[in-house]
Asker: 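My questions all concern the structure below.
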Amino acid sequence: RRVHGGIFRCESEFKRRREQSSFSSTIPMSIFESLFGTQLRDSTGQLVATSTALNEVDAVLVYFSAHWCGPCRHFTPKLAKSYKTMKDKGLKFDLVFVSSDRNEQGFDEYVAEM
C-alpha cells in the first residue's frame, strides 16, 4: 500500500510543480532517447518514435516489472488503474514499462493482462 499511495503523492506533486512558475514542462527528448532508444512499443504493440510517444509530458514514470514476478503481478493492476485515473484527469505524464521477462512470449502475456 505504501507504493500505491506513492502514486497519488505523484499526482499532487504534478499539480504542485505545474503551479510553480519556475517549473519547466519541457523535458529534453535527448534524455528519453538516451535512456530508452529512439523507438518505444506502444500498448497496441506498434513501434512509435520516442519523441512522439513522450512529447509534451511533464513527467515520465519508469516501471520495471516481469510476468514471473509475483509481487509485480499483484501491483501492476493497481498501477494500471491509477494510471488511467490520472490520465483521465488530464495530467501530462506517461509511463514506460521496462520488462524483465525472460522472453517475448512472457512479456506479451503480461501486457495482455494489463
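The figures here come from the full heavy-atom set of this structure, side chains too, leaving out hydrogens, waters and symmetry mates.
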Asker: Between the main-chain N or O of Ala66 and the side-chain N or O of Ser100, is there a donor-acceptor pair closer than 3.5 Å?
Answerer: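 The answer is no, because no donor-acceptor pair under 3.5 Å joins these two groups.
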Asker: If you measure from CZ on Phe32 to CG on Leu40, what distance do you get to the nearest 0.5 Å?
Answerer: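 Reported value, rounded in 0.5 Å steps: 10.0 Å.
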Asker: Rounded to the nearest 0.5 Å, how far apart are CD of Gln46 and CD of Gln39?
Answerer: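 Those atoms lie 11.0 Å apart.
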Asker: Please report the closest heavy-atom contact between Leu91 and Lys87, naming both atoms and the distance.
Answerer: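 Taking every non-hydrogen atom into account, O-CD, 4.0 Å.
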Asker: Between Lys89 and Lys84, is there a donor-acceptor pair closer than 3.5 Å when you use the side chain of the first and the backbone of the second?
Answerer: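 The answer is no, because no donor-acceptor pair under 3.5 Å joins these two groups.
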Asker: Atom CG in Leu95, atom CG in Leu54: separation rounded to 0.5 Å?
Answerer: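 Result: 10.0 Å between the selected atoms.
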Asker: Just jot down the side-chain hydrogen bond (donor to acceptor under 3.5 Å, both in side chains) partners of Asp108, sequence neighbours excluded, or say none.
Answerer: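 Per chain and number, Asp108 pairs via side-chain hydrogen bond (donor to acceptor under 3.5 Å, both in side chains) with no residue.
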Asker: Verify, without hydrogens or angle tests, whether Ser34 (side chain) and Ile31 (backbone) share a donor-acceptor contact under 3.5 angstrom.
Answerer: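 Yes, Ser34 side chain to Ile31 backbone: donor-acceptor pair under 3.5 Å.
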Asker: In terms of hydrophobic clusters joined by side-chain contacts under 4.5 Å, are Val111 and Val48 together?
Answerer: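 The answer is no; the residues belong to distinct hydrophobic clusters.
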Asker: List the residues meeting side chain to side chain contact (heavy atoms under 4.5 Å, CB included) with Ser99, not counting sequence neighbours, and say none if there are none.
Answerer: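 In terms of side chain to side chain contact (heavy atoms under 4.5 Å, CB included), with neighbours along the sequence ignored, Ser99 is linked to Phe97, Asp101, Phe107.
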Asker: Measuring from atom CH2 of Trp68 to atom OH of Tyr110, what distance do you get when rounded to the nearest 0.5 angstrom?
Answerer: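 One gets 10.0 Å once the value is rounded to the nearest 0.5 Å.
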Asker: Could you check Phe64 against Cys72 for side-chain contact (heavy atoms from CB on, under 4.5 Å), going step by step and ending with a plain yes or no?
Answerer: CA-CA 9 Å; Phe64 296 84; Cys72 298; over 6 Å; no
Asker: Do any pairs count as a salt bridge (charged side-chain N to carboxylate O under 4.0 Å, His left out) and have a residue in residues 30-39, sequence neighbours left out, and if so which ones?
Answerer: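 Pairs touching residues 30-39 that pass the test: none.
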Asker: Could you grab the distance from atom OG of Ser65 to atom CZ of Phe75, nearest 0.5 Å is fine?
Answerer: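 It comes to 9.0 Å.
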Asker: List in chain and number order the residues that pass salt bridge (charged side-chain N to carboxylate O under 4.0 Å, His left out) with Arg73, two or more places apart in sequence or in another chain; answer none if no residue qualifies.
Answerer: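 Scan of Arg73 (salt bridge (charged side-chain N to carboxylate O under 4.0 Å, His left out), adjacent residues dropped) gives Glu113.
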Asker: Quick check: do Tyr83 and Leu61 have side-chain heavy atoms less than 4.5 Å from each other?
Answerer: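 With C-beta onward as the side chain, the pair stays apart.
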Asker: For Glu104, what residues pass the side-chain hydrogen bond (donor to acceptor under 3.5 Å, both in side chains) criterion, not counting sequence neighbours?
Answerer: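 In terms of side-chain hydrogen bond (donor to acceptor under 3.5 Å, both in side chains), with neighbours along the sequence ignored, Glu104 is linked to no residue.
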Asker: Roughly how far apart are Lys92 NZ and Asp94 CG, rounded to 0.5 Å?
Answerer: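 Answer rounded to 0.5 Å: 12.5 Å.
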Asker: Suppose we screen for side-chain hydrogen bond (donor to acceptor under 3.5 Å, both in side chains). Which residues come up paired with Asn103, at least two apart in sequence or across chains?
Answerer: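 Asn103 satisfies side-chain hydrogen bond (donor to acceptor under 3.5 Å, both in side chains) with no residue once adjacent residues are dropped.
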